[in-house]
Amino acid sequence: MSKSSSGSHSERNLDLANADRGVWLVKVPKYIADRWERAPGSIEVAKLKISKHYKQKAEVSLKLSEAALALKEPDEHDIPKEHKLDVTTVERQTIGVFAQLNSSEAEVAGNKIYMEGKIVQKLECRPYADKTYMRLKMEGIRKASIPKRQAQQLSRAVQNFKPVSDHKHNIEYADKKKSEGKKMRDDKDFVLSKLFKAFEKHQYYNIKDLVKLTNQPVVYLKEILNEVCNYNLKNPHRNMWELKPEYRHYAAD
């Protein structure tokens, strides 16, 4: 049977010779998995024992080898040697186990994928609550309770990492909002007189200069400007205001 797909995936041959073989899926604690990861392929890591009793469910246990127990790091504690396995039969699922050869072997075998079998039972590895396991559990709880961040007392101030209470641009923005918030709307005629006097000196102004000259809120000032001024959208006076023709010869006393 072959499986092909488009894109970057090449065609693979699927070998189903072992498709009907029953396989056990065993879940082990992390401390066992870590030891097995370090173990070279030449040593025996554990033995599985199955005890059957008349009209009773089979009992399954796992016993680690002395070689596997010896594969511990200097800062690691001893781990339990014997474990029991809780068995659950897989009935309503179809779960397969697949294998793939390494690159050199795949070239010889024709780049195949092998189905090693289907999972018929799930087994969960549980340690016996002996002294070794209790010490291991207490050490795990102790490590988990250590905070990742710790306070450290310094003998002098570290200038390079001294926190800033507020940044300069934030302060400037806050001051600007504060000053604009204090601006009160003057009488419309009073604002108009200021505008006409300003336009007697110059024909064009941008909104920033007009706000300074009148000391009025921007929104309120634009409402008045739209009545008596035109806003230029083209060069050479783009984005600037000038009086409408009917107001250009206004003279204030």
Side-chain angles (χ1 to χ4, degrees), residues 1-73 76-137 139-141 143-144:
M1 179 178 180
S2 65
K3 178 184 177 183
S4 62
S5 59
S6 59
S8 60
H9 299 285
S10 60
E11 186 176 283
R12 301 292 181 88
N13 294 321
L14 180 60
D15 190 327
L16 299 175
N18 296 321
D20 293 330
R21 181 170 63 178
V23 181
W24 287 8
L25 176 64
V26 183
K27 180 180 179 183
V28 299
K30 187 177 184 301
Y31 59 81
I32 293 181
D34 291 340
R35 298 293 173 94
W36 288 357
E37 280 289 326
R38 301 180 201 137
S42 58
I43 72 168
E44 179 186 88
V45 293
K47 286 185 177 180
L48 199 65
K49 181 180 179 182
I50 304 174
S51 302
K52 293 185 178 180
H53 302 282
Y54 180 68
K55 291 185 178 181
Q56 290 185 3
K57 191 175 181 180
E59 295 181 359
V60 185
S61 61
L62 180 75
K63 187 176 182 180
L64 298 177
S65 66
E66 294 296 335
L69 294 172
L71 296 171
K72 70 173 185 177
E73 298 292 339
E76 283 184 337
H77 287 259
D78 292 332
I79 63 174
K81 185 176 183 179
E82 296 186 6
H83 299 73
K84 62 179 179 179
L85 294 171
D86 294 338
V87 183
T88 304
T89 303
V90 178
E91 296 178 346
R92 298 183 180 180
Q93 289 180 303
T94 302
I95 308 173
V97 178
F98 297 87
Q100 184 176 356
L101 300 177
N102 59 40
S103 57
S104 59
E105 294 172 334
E107 291 180 2
V108 178
N111 205 20
K112 284 185 179 181
I113 296 177
Y114 297 85
M115 186 171 183
E116 299 294 342
K118 59 181 179 180
I119 296 173
V120 294
Q121 286 186 326
K122 293 182 180 180
L123 294 88
E124 187 164 357
C125 188
R126 299 184 184 276
Y128 294 99
D130 56 9
K131 292 182 179 180
T132 303
Y133 176 72
M134 296 308 296
R135 283 196 299 267
L136 185 68
K137 195 69 176 176
E139 179 63 16
I141 294 172
K143 288 182 178 180

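Position 1 is the first residue of the sequence, and the numbers go up from there. Keep in mind that what you see is a predicted model, and the values were worked out from it rather than measured.
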**Item:** Steps toward side chain to side chain contact (heavy atoms under 4.5 Å, CB included) verdict (Ile119, Trp24)
**Value:** CA-CA 6 Å; Ile119 296 173; Trp24 287 8; over 6 Å; no
Taking all non-hydrogen atoms of both residues into account, name the closest pair between [X] and [Y] and its distance.
X: Ile50; Y: Ala58; answer: CG2-CB, 4.2 Å
X: Val45; Y: Ala39; answer: CG1-CB, 3.6 Å
X: Ala67; Y: Glu44; answer: CB-O, 4.3 Å
X: Leu62; Y: Ala46; answer: CD1-CB, 3.8 Å
X: Tyr31; Y: His83; answer: OH-NE2, 3.0 Å
X: Tyr128; Y: Glu82; answer: CD1-O, 3.4 Å

Measure the [atom1]-[atom2] distance between [X] and [Y] for me, rounded to the nearest 0.5 Å.
X: Lys118; Y: Ile95; atom1: NZ; atom2: CD1; result: 11.5 Å
X: Arg21; Y: Glu116; atom1: CZ; atom2: CD; result: 5.5 Å
X: Leu123; Y: Thr88; atom1: CG; atom2: OG1; result: 7.5 Å
X: Asp86; Y: Arg126; atom1: CG; atom2: CZ; result: 4.5 Å
X: Tyr133; Y: Ile79; atom1: OH; atom2: CD1; result: 12.5 Å
X: Lys81; Y: Leu64; atom1: NZ; atom2: CG; result: 8.5 Å

Worksheet item: Would you say Ile43 and Ser65 make side-chain contact, with heavy atoms under 4.5 Å?
Response: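 No; the side chains remain at least 4.5 Å from each other.
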Practice prompt. Indicate yes or no: at least one non-hydrogen side-chain atom of Leu85 is less than 4.5 angstrom from one of Leu48.
Written response: yes
### Query
So, Thr132 side chain and Asp78 main chain: donor-acceptor pair closer than 3.5 Å or not?
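Side chain of Thr132 to backbone of Asp78, a donor-acceptor pair under 3.5 Å: no, none is there.
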Review point. Is it the case that more than 12 heavy atoms not belonging to Gln93 sit under 6.0 Å from its CD atom?
Key: no
